[in-house]
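This report concerns only the one structure given below.
Excluded from the calculations below are hydrogen atoms, water molecules and symmetry mates; all remaining heavy atoms, backbone and side chain alike, are included. Just so you know, ligand 1 is whichever comes first in the structure, and atom 1 is the first atom listed for that ligand.
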Amino acid sequence: MVPESFEVLSTRRDTSDTWTLELASCSDQALEFAPGQFTMISAGGSGEVPISISGNPYQPERLVHTVRAVGLATRALCAAQPGQRLAVRGPFGRSWPMDRLASADVVIAAGGIGLPPLRPAILSMLADRDRYGRIVLMYGGRTPAQLLFGDELDSWSKQGVEVLTTVDSAGPEWLGHVGVVTRLVNRIELDPARTVAISCGPEVMMRFVVAALRDAGVGAERIYASMERNMQCGIGHCGHCQLGPTLVCRDGPVYLWSEIEPWLAIREL
Ligand SMILES: Cc1cc2nc3c(=O)[nH]c(=O)nc-3n(C[C@H](O)[C@H](O)[C@H](O)COP(=O)(O)OP(=O)(O)OC[C@H]3O[C@@H](n4cnc5c(N)ncnc54)[C@H](O)[C@@H]3O)c2cc1C
């Protein structure tokens, strides 16, 4: 429960409401983490919130978070300046199933701020590219300006990731896809028996992506999703993030879809 002090090394504005912060521990200790894990982080006095680690797992001496300013705590984090100290606990939670992804065709479905939690998995796969089959990234945002990591999407594409982007709406300068991420599923030819999918984004997006993947023949036991429910303690004590008989902070945020499907079928659970 005791937070550690981290210093902000740099900040980068990614979109109108999203910033990436690079931090280092004030005790010079690397924060080893697995792709998909999160920390509980606070700028002090504005509340502590769960934020996924968006950095490179092979560079644990840098803690990287990509934060969308939606309320008090996230606005304070996005306003943080180099040299400022933030309080960090973690890392917490169950990670993406990197061993299961090995030798599979990996389909990654991300919506909006759902891409940062997937970035460590992508970087990890690219660092060991031969271990994986196809890597397909389907990424959707509200507008072209809201898509994160634009330069990196190009670089991932050059490194053999099949990158498909789509936006909800765009002007005439946008030559890419328009529509929901779900539609991209129909554009890729999947081998369902070789495919393992990982997804993060708004819950409604993930539900539709899963339905499309299942229509394409991918079983629910081959699909993983990161559930970003409200949480407070981050370590399974307070019960705020309960999902069915599970706690998202302790048993998630990454779940096998077949594990949570029965609970998601219950309205407003
Ligand atoms: C495991 C996990 C990982 C996360 N990773 C990231 C990340 O990498 N980057 C990022 O920007 N955000 C992430 N979030 C969401 C982030 O924690 C919330 O945006 C934050 O708690 C909002 O706090 P606030 O005080 O700024 O806003 P509040 O004033 O608490 O809320 C502002 C608005 O955001 C909504 N909201 C609050 N919490 C959540 C939530 N957990 N999910 C969706 N909507 C919420 C509220 O309903 C309200 O409409 C993650 C959440 C979880 C559970």
Exercise for the section: Without swapping roles, check the side chain of Thr18 against the backbone of Thr15 for a donor-acceptor pair under 3.5 Å. Expected result: no
Exercise for the section: Using a strict 4.0 Å threshold on nitrogen-to-oxygen distance, state whether Arg142 and Asp168 make a salt bridge. Expected result: no
Practice task
Before accepting this row, confirm whether a basic side-chain N of the pair Asp99/Arg131 lies closer than 4.0 Å to the acidic partner's carboxylate O.
Solution key: yes
Exercise for the section: Could you tell me whether the side chain of Arg75 and the main chain of Cys78 form a donor-acceptor pair under 3.5 Å? Expected result: no
Handout entry: Pairing of Arg12 and Glu22 as salt bridge, 4.0 angstrom limit
Key = no
Exercise for the section: List, ordered by chain and residue number, the protein residues whose closest non-hydrogen atom lies under 4.0 Å from any atom of ligand 1. Expected result: Phe38, Val49, Pro50, Ile51, Ser52, Thr66, Val67, Arg68, Val70, Gly71, Leu72, Ala73, Thr74, Ile113, Glu228, Arg229, Asn230, Met231, Pro253
Practice task
Considering only Ile, Leu, Val, Met, Phe, Trp and Tyr, and joining two whenever side-chain heavy atoms are under 4.5 Å apart, list the other residues clustered with Val204.
Solution key: Phe208
